[in-house]
Amino acid sequence: MKSLGRISRLSQEFFDTDPRNVARALLGKLLVRRTVNGMLVGRVVETEAYLGTGDDAAHAVSGRTARNFVLFGPPGFAYVYFVYGNHYCLNVSCLPDGVPGCVLFRALEPVSGIDEMAKARGIAINGENDLKKLSSGPGRMCEALGITRDRDNNKNLTNAKSDLQLAEDDYCVDRILVTPRIGITKSANEQLRYLIAGNRFVSA
DNA sequence: TACATGATGCCCT
DNA sequence: GGGCATCATGTAG
């Protein structure tokens, strides 16, 4: 397994700001899943911001419901939902308690625990092409890290005790690209998708 | 209680 | 590039 070097957990304050800032700042950070079989680590290479108000594509747009209550809670918590009858999507809540907003994780570059991720995805890794199938796309990413609503929704991602956390190392992002969001019909022209320019693990 | 739909991914052409 | 599986959720009735 590749050595990770020194990493440190992101603080709750990191997420206590506008989703657009958080989506941009999260690029290059690490998503870390602790399992009985070791650490699964991926680098965040693609995110999308979903605003609380004035964003028709955001789940928060119609107010607080049984599904989306995490968006209205304190920053740094996992909002996991089930979509298309098949897939989970992972978001992290932003802004102070009471103010909705979040960032969707769309793609990771696998860093560590690749064998475990491949097992969870039910695929074999033979070449570079297969590596991209591991966690490029919100649904794939959740499957690779075993993220489900039952396990992870409303989990504090900034707590040292959590088995799902966000961290940073000395990685430096070179250039960031901003584009329209993927797979939505409402507010589809808003430039709220952020990705690391030239990274081959972005989803589209 | 019924129904339309979706922040996707896979397989087929 | 296009079709489709599959079901939780929100909204209407």
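So you know, we letter chains A, B, ... as the sequences are listed, proteins then strands, and number each from 1. Side chains included, hydrogens not; waters and symmetry mates left out as well; all remaining heavy atoms used. Keep in mind that this is a model prediction, so the values were computed, not measured.
- Phosphate contact (OP1/OP2 of dC10(B), side-chain N/O of Arg121(A), threshold under 4.0 Å): present.
- Look at Arg67(A) and you won't find any side-chain N or O under 4.0 angstrom from OP1 or OP2 of dG6(B).
- Between Gly183(A) and Arg140(A), the one whose closest nucleotide on DNA chain B sits nearer the 5' end is Gly183(A).
- We find that CZ of Arg64(A) is positioned 13 Å from P of dG10(C), with the value rounded to whole Å.
- Taking atom CD1 on Ile184(A) and atom C1' on dA7(B), their separation rounds to 7 Å, with Å as the unit.
- Between Thr65(A) and dT9(C) there is no side-chain polar atom (N or O) within less than 4.0 angstrom of OP1 or OP2.
- Of the candidates dG6(B), dT9(C), dG9(B), dG6(B) carries the atom nearest the Thr185(A) side chain, counting heavy atoms from C-beta on.
- As rounded to whole Å, 14 Å separates atom P of dA8(C) from atom NE2 of His87(A).
- Contacts of Arg193(A) with the nucleic acid, taken as non-hydrogen atoms under 4.0 Å apart, are absent.
- One atom, NE2 of His59(A), and another, P of dA8(C), lie 15 Å apart when rounded to the nearest Å.
- Separating the CD atom in Glu116(A) from the CG atom in Asn37(A) is a distance of 4.0 Å, to the nearest 0.5 Å.
- For the pair Arg181(A) and Tyr50(A), the distance from NZ or CZ to the six-membered ring centre is under 6.0 Å and the angle to the ring normal is within 45 degrees.
- In this structure, CD of Glu190(A) is placed 15 Å from P of dA7(B), rounded to the nearest angstrom.
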task = Please lay out, stage by stage, how Arg149(A) and Tyr81(A) fare under the test side chain to side chain contact (heavy atoms under 4.5 Å, CB included).
result = CA-CA 6 Å; Arg149(A) 184 172 189 262; Tyr81(A) 67 90; 5.6 Å; no

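- The base of dA5(C) lies outside donor-acceptor range of the side chain of Tyr84(A), with no N or O pair under 3.5 Å.
- Considering only the side chain of Phe82(A), dA8(C) comes nearest among dT11(C), dA7(B), dA8(C).
- With a cut-off of 3.5 Å on both pairing distances, dT6(C) has no Watson-Crick or G-U wobble partner at all.
- Figure legend: cation-pi geometry between Arg43(A) and Tyr171(A), with NZ or CZ positioned under 6.0 Å from the six-membered ring centre and within 45° of its axis.
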message = One pair to check against side chain to side chain donor-acceptor pair (under 3.5 Å): Thr65(A) and Asn68(A). What are the steps and the verdict?
response = CA-CA 5 Å; Thr65(A) 67; Asn68(A) 71 13; 3.3 Å; yes

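- The aromatic ring of Tyr50(A) sits over the base of dA7(B), with ring centres less than 5.5 Å apart and planes inclined by under 30°.
- Going from atom CG of Asp130(A) over to atom P of dC10(B) covers 12 Å, rounded to whole Å.
- One interatomic measurement links the two molecules: CG of Asn86(A) to C1' of dC10(B), which rounds to 10 Å at whole-angstrom precision.
- Distance, Glu143(A) CD to dA7(B) P: 19 Å, rounded to whole Å.
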